[in-house]
Participant: 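Okay, handing you the structure first.
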Amino acid sequence: MMEFLYFPDDKSEYIPSVIMLLIFMTMAIAATIFIRKHSAKELDKWENEEPNLKATNKQANESGSDKN
């Protein structure tokens with residue numbers, strides 16, 4: 001009967017797996033950092049535009065109510 005898990009006797013067979021693991025972990029960390037930085041920029045952008053949008057909306061509502 002074949003073993004369910006394979007643990008090689010020659011430990012050098014682990015090297016490609018470890019290299020791939022390091023590559024994918026590095027890419028995952030880089031993607032996480034990129035997403036967090038982009039999210040922070042979008043939040044700052046929104047916080048700067050929000051008061052302007054509220055003021056514009058208020059002015060539009062006031063001028064629209066005069067027409068009725």
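Sequence positions, counted from 1, serve as the residue numbers for this chain.
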Participant: For Ile33, which residues count as a side-chain contact (heavy atoms from CB on, under 4.5 Å) partner, sequence neighbours excluded?
Facilitator: Ile29, Lys37
Participant: Enumerate the residue pairs fulfilling side chain to side chain donor-acceptor pair (under 3.5 Å) with a member in residues 11-33, sequence neighbours excluded, ordered by first and then second residue.
Facilitator: Tyr6-Glu13, Asp10-Ser12
Participant: I'd like to check the side-chain contact (heavy atoms from CB on, under 4.5 Å) partners of Leu22; sequence neighbours left out, ordered by chain and number.
Facilitator: Val18
Participant: Report the residues that fulfil salt bridge (charged side-chain N to carboxylate O under 4.0 Å, His left out) with Glu47, sequence neighbours left out, ordered by chain and then residue number.
Facilitator: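 For Glu47 there are no salt bridge (charged side-chain N to carboxylate O under 4.0 Å, His left out) partners, ignoring immediate neighbours.
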Participant: Between Phe7 and Ile15, is there shared hydrophobic-cluster membership here, with clusters defined by ILVMFWY side-chain heavy atoms closer than 4.5 Å?
Facilitator: no
Participant: Apart from Leu43 itself, what residues make up its hydrophobic cluster when side-chain heavy atoms of I, L, V, M, F, W and Y under 4.5 Å apart count as a link, directly or indirectly?
Facilitator: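 The other cluster members (ILVMFWY side chains, heavy atoms under 4.5 Å, direct or chained): none.
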